[in-house]
Amino acid sequence: MTRTMPTVTEIHRYPVKSMLGEDLASVRVTANGLAGDRTHAVLDATGAVGSAKHPRKWGALLRCRSRLTAAGIPEVELPDGSRFPAGDPGLDDRLTGLLGREVAVAGVGDEAGDEAGAGIRAGFRAGVVRGEPGRLERVVPEYEGGVPDKVRATASRDAGGDLVTLSSVAPGTFFDFGRVHLVTGSALAHLRTVHPAGDFDARRFRPNLVVGGGEGTGTGEGPAFPEDDWAGAVLRVGEALFRVTLPTPRCVVPTLAHGALPPDPGIMRAVARTHRVPVLDLGRLACFGVYLDVLEPGTVRVGDPVGVEGGAGRAGRA
């Protein structure tokens, strides 16, 4: 019997962290991830990085959309349809009004020769960011497996009454952890059976790559979560080569409104019920998708086959 190889069905890039992104037919992958992905973020005066993981403070960013222009400059479309390039003081002013406090857009390099973007460029108004940039605030989810127990123990109430944990973006970047995020069509299809009323559009999970069409990746054959077999595996995707590093622990972001997609708390409850897997020494966490490291840069296109070599076997699910 001929084995059907999975293929890339969607490519997504998010030039500004926690904003809606752009759908691509192809993308150049560098040693640091998709070219142009999350090279910019919104910062407030304390240095906190704008992340919808704290919805009360930053959720409005999901009403904005970012894309790269032909010149490679991030452009932001605001909820009223107006557009501004990153670095335009008018953008900072409008985002300040949207979020209700003074904020500014900052950028980091994304090329392999740029020391992984070491140092935030002065692409924002002098004097706005007074704290050390890089802090991430995450609201603690109510569902089981939403945060490691030892991290939950460090949570505290912020000024708005939200229970939050604090961490930092990866050094020299605006990534939380992994630089490339992949989800499978099979996992999405399975979750639709768990929560039929939910809209499991892949964009809720903010992946870079969506893979489907092969055995166990969206056809109804094979395991619901084929990526559980891929820990440590090498993936050949188009011209690029990746290594699977970790399952992706999920936060509250998939439950929020994403543009026309409505909010739905049931999205993550479904993940927590069906797919809590071991992550390092953090216990069993509600995970969806996997993080990838780039081994060889190259171009990836929708329709490219995905070859899987190796893997440490299935993660035990709760």
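If you read the sequence from its start, that first residue is 1, and numbering goes on from there.
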Option from Arg203, Arg13, Arg65 for which salt bridge (charged side-chain N to carboxylate O under 4.0 Å, His left out) with Glu22 holds: Arg13
Which value, rounded to the nearest 0.5 Å, describes the distance between [X] atom [atom1] and [Y] atom [atom2]?
X: Lys17; Y: Phe175; atom1: NZ; atom2: CZ; result: 8.5 Å
X: Leu235; Y: Glu309; atom1: CG; atom2: CD; result: 9.0 Å
X: Thr9; Y: Asp304; atom1: OG1; atom2: CG; result: 11.5 Å
X: Leu34; Y: His181; atom1: CG; atom2: NE2; result: 12.5 Å
X: Asp23; Y: Arg67; atom1: CG; atom2: CZ; result: 10.5 Å
X: Leu43; Y: Glu102; atom1: CG; atom2: CD; result: 12.0 Å

For residues [X] and [Y], report the shortest heavy-atom separation together with the two atoms involved.
X: Ala104; Y: Asp92; value: CA-OD1, 3.5 Å
X: Ser51; Y: Ser18; value: CA-OG, 3.2 Å
X: Leu78; Y: Arg94; value: CD1-CB, 3.5 Å
X: Asp264; Y: Gly198; value: OD2-CA, 3.4 Å
X: Arg284; Y: Pro278; value: NH1-CD, 3.7 Å
X: Gly289; Y: Val183; value: CA-CG1, 3.9 Å

[X] (side chain) donor-acceptor with [Y] (main chain) under 3.5 angstrom:
X: Asp37; Y: Pro15; value: no
X: Thr299; Y: Arg28; value: no
X: Arg243; Y: Leu295; value: no
X: Thr255; Y: Met268; value: no
X: Thr96; Y: Val103; value: yes
X: His275; Y: Cys287; value: yes
X: Arg56; Y: Val139; value: no
X: Arg250; Y: Phe288; value: yes
X: Tyr14; Y: Pro207; value: yes

Taking atom CD as the centre, does Glu142 end up with more than 12 heavy-atom neighbours from other residues, nucleotides or ligands that are less than 6.0 angstrom away? no
Take atom CD of Glu144 as the centre, draw a 6.0 Å sphere, and report whether it contains more than 12 heavy atoms from other residues, nucleotides or ligands. no
Do the side chains of [Y] and [X] get nearer than 4.5 Å, heavy atoms only?
X: Cys64; Y: Leu98; value: yes
X: Leu209; Y: Glu10; value: no
X: Val164; Y: Lys57; value: no
X: Arg236; Y: Val306; value: no
X: Trp230; Y: Leu292; value: no
X: Pro223; Y: Asp228; value: no
X: Pro148; Y: Leu285; value: yes
X: Arg204; Y: Ile267; value: yes

Quick check on the hydrophobic clustering: are [X] and [Y] connected, directly or via other members, by side-chain heavy-atom contacts under 4.5 Å?
X: Val300; Y: Val308; result: yes
X: Ile11; Y: Val180; result: yes
X: Met19; Y: Leu261; result: no
X: Leu68; Y: Val105; result: no
X: Leu256; Y: Val16; result: no

Let me see the working for Phe205 and Val210 under side chain to side chain contact (heavy atoms under 4.5 Å, CB included), right down to the final yes or no. CA-CA 10 Å; Phe205 298 92; Val210 183; over 6 Å; no
Going by distance alone, is a donor N or O of one side chain under 3.5 Å from an acceptor N or O of the other, for [X] and [Y]?
X: Ser82; Y: Asp80; value: yes
X: Thr69; Y: Glu75; value: no
X: Asp201; Y: His258; value: no
X: Arg38; Y: Thr173; value: no

Looking at His190 versus Phe225, is the centre-to-centre ring distance below 6.0 Å? yes
Kindly determine whether Val294 and Phe242 satisfy side chain to side chain contact (heavy atoms under 4.5 Å, CB included), including the steps that lead there. CA-CA 5 Å; Val294 180; Phe242 302 92; 3.9 Å; yes
Hey, mind stepping through His54 and Asp158 against side chain to side chain contact (heavy atoms under 4.5 Å, CB included) and telling me if it holds? CA-CA 11 Å; His54 195 320; Asp158 68 4; 2.7 Å; yes
Chi angles and distances behind the side chain to side chain contact (heavy atoms under 4.5 Å, CB included) call for Val42, Leu99: CA-CA 10 Å; Val42 182; Leu99 294 167; 4.2 Å; yes
